[in-house]
Asks: 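One structure, pasted below without further comment.
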2 protein chains.
Amino acid sequence: MTDKPEELKKAGLKVTGPRVKILQMLEEASDRHLSAEEVHKALVENGEDVGLATVYRVLTQFEAADLIVRHNFDGGHSVYELSDGDHHDHMVCTETGSVIEFFDEEIERIQKKIADRHGYEIVAHNLVLYVKPKSTDASH
Amino acid sequence: MTDKPEELKKAGLKVTGPRVKILQMLEEASDRHLSAEEVHKALVENGEDVGLATVYRVLTQFEAADLIVRHNFDGGHSVYELSDGDHHDHMVCTETGSVIEFFDEEIERIQKKIADRHGYEIVAHNLVLYVKPKSTDASH
DNA sequence: ATGAATGCAAAAACTTTGCATGACG
DNA sequence: CGTCATGCAAAGTTTTTGCATTCAT
(Lines give C-alpha, C1' and ligand atoms only; values in the text may rest on other atoms or scores of the structure.)
Protein backbone atom coordinates (compact mmCIF):
# COMPACT_ATOMS: atom_id res chain seq x y z
CA MET A 1 0.00 0.00 0.00
CA THR A 2 2.45 2.60 1.18
CA ASP A 3 5.59 3.48 -0.68
CA LYS A 4 8.43 1.74 1.14
CA PRO A 5 11.37 3.72 -0.27
CA GLU A 6 9.51 6.87 0.68
CA GLU A 7 8.93 5.64 4.21
CA LEU A 8 12.60 4.84 4.57
CA LYS A 9 13.68 8.26 3.39
CA LYS A 10 11.29 9.95 5.74
CA ALA A 11 12.79 7.91 8.55
CA GLY A 12 16.24 9.13 7.56
CA LEU A 13 17.40 5.72 6.42
CA LYS A 14 19.28 5.06 3.23
CA VAL A 15 17.13 3.15 0.75
CA THR A 16 18.74 -0.23 0.25
CA GLY A 17 17.56 -3.55 -1.11
CA PRO A 18 17.47 -5.40 2.19
CA ARG A 19 15.65 -2.59 3.99
CA VAL A 20 12.93 -2.34 1.36
CA LYS A 21 12.50 -6.09 1.22
CA ILE A 22 12.28 -6.48 4.97
CA LEU A 23 9.67 -3.77 5.12
CA GLN A 24 7.71 -5.56 2.41
CA MET A 25 7.92 -8.89 4.21
CA LEU A 26 6.53 -7.32 7.35
CA GLU A 27 3.70 -5.77 5.41
CA GLU A 28 2.82 -8.85 3.44
CA ALA A 29 3.17 -11.37 6.24
CA SER A 30 -0.16 -13.00 6.87
CA ASP A 31 0.70 -13.47 10.52
CA ARG A 32 1.91 -9.98 11.18
CA HIS A 33 4.04 -10.94 14.17
CA LEU A 34 7.37 -12.22 12.90
CA SER A 35 10.56 -13.07 14.69
CA ALA A 36 13.90 -12.10 13.19
CA GLU A 37 14.42 -15.71 12.15
CA GLU A 38 11.04 -15.77 10.45
CA VAL A 39 11.73 -12.58 8.55
CA HIS A 40 15.03 -14.03 7.43
CA LYS A 41 13.46 -17.30 6.38
CA ALA A 42 10.76 -15.46 4.44
CA LEU A 43 13.41 -13.49 2.59
CA VAL A 44 15.44 -16.55 1.70
CA GLU A 45 12.34 -18.35 0.52
CA ASN A 46 11.67 -15.41 -1.77
CA GLY A 47 15.11 -15.78 -3.24
CA GLU A 48 16.48 -12.73 -1.45
CA ASP A 49 20.01 -13.31 -0.27
CA VAL A 50 20.06 -11.35 2.97
CA GLY A 51 22.12 -12.29 6.02
CA LEU A 52 20.52 -12.92 9.37
CA ALA A 53 22.79 -10.31 10.94
CA THR A 54 21.44 -7.73 8.53
CA VAL A 55 17.89 -8.67 9.45
CA TYR A 56 18.67 -8.04 13.10
CA ARG A 57 20.42 -4.76 12.33
CA VAL A 58 17.63 -3.52 10.10
CA LEU A 59 14.90 -4.53 12.53
CA THR A 60 16.71 -2.67 15.29
CA GLN A 61 16.94 0.43 13.11
CA PHE A 62 13.30 0.17 12.13
CA GLU A 63 12.33 -0.05 15.74
CA ALA A 64 14.41 3.01 16.59
CA ALA A 65 12.70 4.83 13.71
CA ASP A 66 9.27 3.75 14.98
CA LEU A 67 8.54 1.96 11.74
CA ILE A 68 7.98 -1.25 13.61
CA VAL A 69 7.26 -2.36 17.17
CA ARG A 70 9.10 -5.09 19.01
CA HIS A 71 7.37 -7.37 21.47
CA ASN A 72 9.02 -9.70 23.95
CA PHE A 73 6.65 -12.59 24.42
CA ASP A 74 7.48 -15.31 26.91
CA GLY A 75 9.92 -17.88 25.65
CA GLY A 76 12.95 -15.76 25.00
CA HIS A 77 12.53 -14.45 21.48
CA SER A 78 11.21 -11.19 20.15
CA VAL A 79 8.61 -10.62 17.48
CA TYR A 80 8.11 -7.56 15.33
CA GLU A 81 5.14 -5.98 13.63
CA LEU A 82 4.60 -2.95 11.46
CA SER A 83 3.66 0.01 13.58
CA ASP A 84 0.53 1.50 12.12
CA GLY A 85 0.28 4.13 14.79
CA ASP A 86 -2.40 2.25 16.65
CA HIS A 87 -1.40 0.90 20.00
CA HIS A 88 -2.77 -2.45 21.00
CA ASP A 89 -2.05 -5.34 23.33
CA HIS A 90 -1.85 -9.05 22.63
CA MET A 91 -3.48 -12.29 23.53
CA VAL A 92 -1.44 -15.39 22.75
CA CYS A 93 -3.16 -18.76 22.55
CA THR A 94 -1.03 -21.28 24.41
CA GLU A 95 -2.37 -24.12 22.30
CA THR A 96 -2.33 -22.80 18.76
CA GLY A 97 0.22 -20.03 19.17
CA SER A 98 -2.04 -17.61 17.38
CA VAL A 99 -1.84 -13.97 18.33
CA ILE A 100 -4.90 -11.78 18.75
CA GLU A 101 -4.63 -8.04 19.07
CA PHE A 102 -6.90 -6.02 21.28
CA PHE A 103 -7.20 -2.58 22.76
CA ASP A 104 -9.12 -1.44 25.77
CA GLU A 105 -9.39 2.21 26.64
CA GLU A 106 -10.29 1.56 30.21
CA ILE A 107 -7.19 -0.52 30.84
CA GLU A 108 -5.07 2.21 29.30
CA ARG A 109 -6.72 4.80 31.48
CA ILE A 110 -6.27 2.78 34.66
CA GLN A 111 -2.63 2.15 33.86
CA LYS A 112 -1.97 5.86 33.56
CA LYS A 113 -3.78 6.42 36.82
CA ILE A 114 -1.70 3.81 38.62
CA ALA A 115 1.60 5.18 37.33
CA ASP A 116 0.49 8.68 38.22
CA ARG A 117 -0.46 7.62 41.71
CA HIS A 118 3.12 6.46 42.24
CA GLY A 119 4.64 9.63 40.80
CA TYR A 120 5.54 8.17 37.44
CA GLU A 121 4.54 8.57 33.86
CA ILE A 122 4.38 5.64 31.47
CA VAL A 123 7.14 5.30 28.90
CA ALA A 124 5.94 2.00 27.50
CA HIS A 125 3.93 -0.93 28.61
CA ASN A 126 3.51 -4.53 27.87
CA LEU A 127 0.33 -6.48 28.35
CA VAL A 128 0.04 -10.02 27.11
CA LEU A 129 -2.71 -12.44 27.99
CA TYR A 130 -1.77 -16.08 27.63
CA VAL A 131 -5.02 -17.89 26.97
CA LYS A 132 -6.55 -21.18 25.94
CA PRO A 133 -9.87 -21.99 24.26
CA LYS A 134 -12.70 -22.08 26.79
CA SER A 135 -13.89 -25.56 25.91
CA THR A 136 -10.55 -27.32 26.38
CA ASP A 137 -10.47 -29.18 29.67
CA ALA A 138 -6.95 -29.39 31.00
CA SER A 139 -7.79 -30.86 34.38
CA HIS A 140 -5.12 -30.25 36.98
CA MET B 1 9.57 -17.08 58.42
CA THR B 2 8.29 -20.26 56.87
CA ASP B 3 9.98 -23.62 57.18
CA LYS B 4 11.78 -24.17 53.88
CA PRO B 5 12.36 -27.93 54.14
CA GLU B 6 8.70 -28.29 54.94
CA GLU B 7 7.67 -26.23 51.93
CA LEU B 8 9.85 -28.36 49.70
CA LYS B 9 8.38 -31.59 50.99
CA LYS B 10 4.88 -30.30 50.51
CA ALA B 11 5.81 -29.45 46.93
CA GLY B 12 6.98 -33.03 46.41
CA LEU B 13 10.62 -32.03 46.05
CA LYS B 14 13.48 -33.79 47.74
CA VAL B 15 15.03 -31.63 50.43
CA THR B 16 18.56 -30.85 49.29
CA GLY B 17 21.10 -28.23 50.25
CA PRO B 18 20.92 -26.21 47.06
CA ARG B 19 17.13 -26.17 47.04
CA VAL B 20 16.89 -24.94 50.62
CA LYS B 21 19.55 -22.31 50.06
CA ILE B 22 18.00 -20.99 46.88
CA LEU B 23 14.65 -20.69 48.61
CA GLN B 24 16.35 -18.79 51.44
CA MET B 25 18.09 -16.42 49.04
CA LEU B 26 14.81 -15.60 47.40
CA GLU B 27 13.20 -14.94 50.74
CA GLU B 28 16.02 -12.84 52.12
CA ALA B 29 16.72 -10.82 49.01
CA SER B 30 16.03 -7.17 49.67
CA ASP B 31 15.11 -6.66 46.05
CA ARG B 32 12.80 -9.60 45.70
CA HIS B 33 13.11 -9.84 41.94
CA LEU B 34 16.25 -11.80 41.16
CA SER B 35 17.60 -13.20 37.92
CA ALA B 36 19.14 -16.65 37.84
CA GLU B 37 22.58 -15.04 37.67
CA GLU B 38 21.81 -12.92 40.70
CA VAL B 39 20.61 -15.89 42.70
CA HIS B 40 23.79 -17.71 41.77
CA LYS B 41 25.99 -14.75 42.66
CA ALA B 42 24.23 -14.37 46.01
CA LEU B 43 24.86 -18.03 46.76
CA VAL B 44 28.53 -17.86 45.86
CA GLU B 45 28.98 -14.72 47.94
CA ASN B 46 27.51 -16.63 50.85
CA GLY B 47 30.11 -19.33 50.39
CA GLU B 48 27.62 -21.78 48.93
CA ASP B 49 29.17 -23.78 46.13
CA VAL B 50 26.22 -24.22 43.80
CA GLY B 51 26.49 -24.44 40.04
CA LEU B 52 24.67 -22.04 37.79
CA ALA B 53 23.05 -24.95 35.96
CA THR B 54 21.60 -26.14 39.23
CA VAL B 55 20.20 -22.69 39.93
CA TYR B 56 18.39 -22.77 36.60
CA ARG B 57 17.15 -26.29 37.18
CA VAL B 58 15.93 -25.54 40.67
CA LEU B 59 14.26 -22.29 39.67
CA THR B 60 12.44 -24.12 36.89
CA GLN B 61 11.25 -26.75 39.34
CA PHE B 62 10.17 -24.14 41.84
CA GLU B 63 8.20 -22.40 39.18
CA ALA B 64 6.50 -25.65 38.18
CA ALA B 65 5.68 -26.21 41.84
CA ASP B 66 4.26 -22.69 42.16
CA LEU B 67 6.78 -21.81 44.84
CA ILE B 68 8.03 -18.93 42.76
CA VAL B 69 6.87 -16.85 39.83
CA ARG B 70 8.93 -16.07 36.77
CA HIS B 71 8.68 -12.77 34.93
CA ASN B 72 10.09 -11.97 31.51
CA PHE B 73 10.88 -8.29 31.56
CA ASP B 74 12.16 -6.62 28.42
CA GLY B 75 15.83 -7.14 27.79
CA GLY B 76 15.92 -10.87 27.42
CA HIS B 77 16.42 -12.23 30.89
CA SER B 78 13.96 -13.56 33.42
CA VAL B 79 13.54 -12.62 37.03
CA TYR B 80 12.00 -14.68 39.80
CA GLU B 81 10.21 -13.86 42.99
CA LEU B 82 8.70 -15.88 45.80
CA SER B 83 5.06 -16.55 45.13
CA ASP B 84 3.12 -15.54 48.20
CA GLY B 85 -0.21 -16.44 46.68
CA ASP B 86 -0.99 -12.85 45.84
CA HIS B 87 -1.02 -11.99 42.20
CA HIS B 88 0.31 -8.62 41.17
CA ASP B 89 1.74 -6.80 38.20
CA HIS B 90 4.88 -4.72 37.87
CA MET B 91 6.04 -1.25 37.13
CA VAL B 92 9.70 -0.94 36.16
CA CYS B 93 11.42 2.42 36.39
CA THR B 94 13.47 2.89 33.23
CA GLU B 95 15.87 5.22 35.04
CA THR B 96 16.53 3.52 38.35
CA GLY B 97 15.58 -0.01 37.43
CA SER B 98 13.49 -0.32 40.57
CA VAL B 99 10.49 -2.58 40.47
CA ILE B 100 7.15 -1.63 42.00
CA GLU B 101 4.39 -4.13 42.44
CA PHE B 102 0.75 -3.25 42.04
CA PHE B 103 -2.60 -4.89 41.67
CA ASP B 104 -5.78 -3.55 40.21
CA GLU B 105 -8.99 -5.50 40.40
CA GLU B 106 -10.60 -3.63 37.58
CA ILE B 107 -7.80 -4.43 35.15
CA GLU B 108 -8.04 -8.09 36.13
CA ARG B 109 -11.75 -8.05 35.58
CA ILE B 110 -11.51 -6.38 32.18
CA GLN B 111 -8.82 -8.82 31.08
CA LYS B 112 -11.09 -11.75 31.86
CA LYS B 113 -13.90 -10.07 30.00
CA ILE B 114 -11.77 -9.52 26.92
CA ALA B 115 -10.53 -13.10 26.83
CA ASP B 116 -14.05 -14.34 27.36
CA ARG B 117 -15.37 -12.20 24.54
CA HIS B 118 -12.95 -13.97 22.20
CA GLY B 119 -13.83 -17.43 23.45
CA TYR B 120 -10.79 -17.91 25.63
CA GLU B 121 -9.94 -18.21 29.25
CA ILE B 122 -6.79 -16.75 30.72
CA VAL B 123 -3.98 -19.12 31.59
CA ALA B 124 -1.54 -16.43 32.61
CA HIS B 125 -0.92 -12.84 31.91
CA ASN B 126 1.87 -10.39 31.93
CA LEU B 127 1.49 -6.70 32.53
CA VAL B 128 4.51 -4.49 32.94
CA LEU B 129 4.51 -0.72 32.90
CA TYR B 130 7.82 0.85 31.96
CA VAL B 131 7.82 4.25 33.63
CA LYS B 132 9.95 7.24 34.49
CA PRO B 133 9.64 9.78 37.30
CA LYS B 134 7.15 12.51 36.41
CA SER B 135 9.53 15.40 37.04
CA THR B 136 12.43 14.10 34.93
CA ASP B 137 12.62 15.90 31.62
CA ALA B 138 14.16 13.63 29.04
CA SER B 139 13.77 15.90 26.03
CA HIS B 140 13.95 14.05 22.75
C1' DA C 1 21.66 -49.28 48.29
C1' DT C 2 19.26 -46.84 44.64
C1' DG C 3 17.39 -43.44 42.26
C1' DA C 4 17.41 -38.62 42.12
C1' DA C 5 20.18 -34.20 42.42
C1' DT C 6 24.42 -31.84 41.50
C1' DG C 7 28.56 -29.80 39.12
C1' DC C 8 31.09 -29.19 35.33
C1' DA C 9 31.63 -28.37 30.71
C1' DA C 10 29.81 -28.57 26.32
C1' DA C 11 25.89 -27.25 23.51
C1' DA C 12 21.91 -24.72 22.16
C1' DA C 13 19.19 -20.63 21.04
C1' DC C 14 19.12 -15.90 20.15
C1' DT C 15 21.45 -11.67 19.24
C1' DT C 16 25.45 -8.59 18.51
C1' DT C 17 29.88 -7.26 16.55
C1' DG C 18 34.41 -6.95 13.61
C1' DC C 19 36.05 -6.59 9.28
C1' DA C 20 36.51 -6.68 4.25
C1' DT C 21 33.59 -5.99 0.29
C1' DG C 22 30.02 -3.82 -2.20
C1' DA C 23 26.23 -0.46 -2.88
C1' DC C 24 23.80 4.22 -2.32
C1' DG C 25 23.62 9.17 -3.13
C1' DC D 1 33.94 8.76 -4.84
C1' DG D 2 33.28 8.63 0.09
C1' DT D 3 30.49 6.75 3.31
C1' DC D 4 27.38 3.77 4.93
C1' DA D 5 25.21 -0.96 4.55
C1' DT D 6 25.96 -5.77 3.91
C1' DG D 7 27.58 -10.60 4.49
C1' DC D 8 30.09 -13.76 6.73
C1' DA D 9 31.92 -15.68 10.65
C1' DA D 10 33.25 -15.18 15.20
C1' DA D 11 31.95 -13.76 19.82
C1' DG D 12 28.35 -12.67 23.47
C1' DT D 13 24.27 -13.77 26.39
C1' DT D 14 21.16 -16.44 28.50
C1' DT D 15 19.51 -20.98 29.29
C1' DT D 16 19.64 -26.10 28.61
C1' DT D 17 21.64 -30.71 28.52
C1' DG D 18 24.91 -34.96 28.97
C1' DC D 19 27.40 -37.50 32.05
C1' DA D 20 29.98 -38.98 36.00
C1' DT D 21 29.74 -38.20 40.92
C1' DT D 22 27.44 -37.25 45.23
C1' DC D 23 23.58 -37.12 48.19
C1' DA D 24 18.92 -38.01 50.33
C1' DT D 25 15.95 -41.44 51.98
Side-chain angles (χ1 to χ4, degrees), chain A residues 3-25 33-44 46-65 67-80 97, chain B residues 3-25 33-65 67-80:
Chain A
D3 184 20
K4 289 97 186 173
E6 197 55 36
E7 286 185 65
L8 289 171
K9 271 183 217 159
K10 265 195 303 193
L13 293 169
K14 195 181 280 187
V15 178
T16 68
R19 301 222 256 238
V20 174
K21 289 165 202 156
I22 290 172
L23 209 45
Q24 283 178 344
M25 291 287 84
H33 300 78
L34 302 178
S35 67
E37 289 272 9
E38 287 167 336
V39 171
H40 181 240
K41 187 160 58 72
L43 289 169
V44 172
N46 274 244
E48 306 297 349
D49 194 0
V50 178
L52 180 56
T54 299
V55 173
Y56 274 105
R57 272 187 292 234
V58 169
L59 288 174
T60 301
Q61 294 160 350
F62 284 5
E63 193 199 4
L67 290 175
I68 64 177
V69 181
R70 172 194 205 137
H71 299 285
N72 295 282
F73 291 165
D74 282 10
H77 71 303
S78 305
V79 294
Y80 301 82
Chain B
D3 184 21
K4 288 96 184 172
E6 197 55 35
E7 285 185 67
L8 288 172
K9 271 182 216 158
K10 264 196 299 193
L13 292 170
K14 196 180 280 188
V15 178
T16 68
R19 300 223 255 239
V20 175
K21 289 166 204 156
I22 290 173
L23 209 45
Q24 284 178 343
M25 292 287 84
H33 300 79
L34 301 178
S35 67
E37 288 273 8
E38 286 168 336
V39 171
H40 182 241
K41 187 160 59 71
L43 289 169
V44 171
E45 279 169 4
N46 274 245
E48 306 295 351
D49 195 359
V50 177
L52 180 56
T54 299
V55 173
Y56 274 104
R57 271 187 292 236
V58 170
L59 288 175
T60 301
Q61 295 159 349
F62 283 5
E63 191 198 3
L67 290 174
I68 64 178
V69 181
R70 173 195 204 135
H71 300 284
N72 295 283
F73 290 163
D74 281 10
H77 70 302
S78 306
V79 295
Y80 301 84

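Residue numbering restarts at 1 for every chain, and letters A, B, ... go by the order of the sequence lines.
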Asks: Find the distance A:Leu59:CG to C:dC14:P and express it as a whole number of Å.
Replies: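 It works out to 15 Å between those atoms.
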Asks: Any side-chain N or O of A:Ser78 under 4.0 Å from OP1/OP2 of C:dC14?
Replies: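 No, A:Ser78 has no side-chain N/O under 4.0 Å of OP1/OP2 on C:dC14.
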Asks: List in numerical order all residues of residues 10-19 of chain A for which some heavy atom is under 4.0 Å away from an atom belonging to DNA chain C.
Replies: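 Per residue number, the list reads A:Lys14, A:Val15.
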Asks: Quick one: OG on A:Ser35 to NE2 on A:His71, what's the gap to the nearest 0.5 Å?
Replies: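 Here the rounded value is 13.5 Å.
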Asks: So, does A:Arg70 use its side chain to make a donor-acceptor pair with the main chain of A:Ser78 at under 3.5 Å?
Replies: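 Side chain of A:Arg70 to backbone of A:Ser78: no pair is present.
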Asks: Rounded to whole Å, please give me the gap between CG in B:Leu43 and C1' in C:dA5.
Replies: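 So the two atoms are 15 Å apart, to the nearest Å.
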Asks: Give the rounded distance in Å between these two atoms: CD of B:Glu37 and P of D:dT15.
Replies: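 Answer to the nearest Å: 8 Å.
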Asks: Taking CG from A:Leu52 and P from D:dA11, how many angstroms apart are they, rounded to a whole number?
Replies: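 Between P of D:dA11 and CG of A:Leu52: 18 Å.
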Asks: Considering only distance and modelled atom types, tabulate donor-acceptor pairs under 3.5 Å from the side chains of residues 44-57 of chain B, sequence neighbours left out.
Replies:
from, atom 1, to, atom 2, distance (Å)
B:Asn46, ND2, B:Ala42, O, 3.0
B:Glu48, OE1, B:Lys21, NZ, 3.1

Asks: Hey, does the side chain of A:Tyr56 come within less than 4.0 Å of C:dT15's phosphate (OP1/OP2), counting only N and O?
Replies: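 Result: yes.
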Asks: What closest approach, in Å, do B:Pro5 and B:Val20 show between heavy atoms, and which atom pair accounts for it?
Replies: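 Heavy atoms of B:Pro5 and B:Val20 come nearest at CG-CG2, 4.5 Å.
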Asks: Grab the NZ-P distance between A:Lys9 and C:dG25 for me, whole Å please.
Replies: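 Result: 7 Å.
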Asks: Output the rounded distance in Å from CG (B:Asp49) to C1' (D:dT22).
Replies: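 To the nearest whole Å, that distance equals 13 Å.
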Asks: Rounded to whole Å, how long is the line connecting atom NE2 of A:His40 with atom P of C:dC14?
Replies: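 About 14 Å, once rounded to whole Å.
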Asks: Can you tell me the distance, in whole Å, between the CZ atom of A:Arg57 and the P atom of D:dA9?
Replies: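 Computing the A:Arg57:CZ to D:dA9:P distance gives 14 Å.
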Asks: Which sits closer to the 5' end of DNA chain D, B:Ala53 or A:Val55, going by the nucleotide each is nearest to?
Replies: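 With B:Ala53 and A:Val55 compared, the 5'-side residue is A:Val55.
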Asks: How many angstroms lie between atom CZ of B:Phe62 and atom CG of B:Leu23, to the nearest 0.5 angstrom?
Replies: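 If I round to the nearest 0.5 Å, the distance is 5.0 Å.
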Asks: Taking atom NE2 of A:His40 and atom CG of A:Leu43, what is their separation to the nearest 0.5 Å?
Replies: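 If I round to the nearest 0.5 Å, the distance is 7.0 Å.
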Asks: If you check the A:Arg70 side chain, which of D:dG7, C:dT6, C:dT15 turns out closest?
Replies: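 Within the option list, the nearest is C:dT15.
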Asks: How long is the straight-line distance from OH of B:Tyr80 back to CG of B:Leu67, given to the nearest 0.5 Å?
Replies: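 One gets 13.5 Å once the value is rounded to the nearest 0.5 Å.
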Asks: Among C:dT15, C:dG7, D:dT6, which is the nearest nucleotide to the side chain of A:Ala36?
Replies: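 Nearest listed nucleotide: C:dT15.
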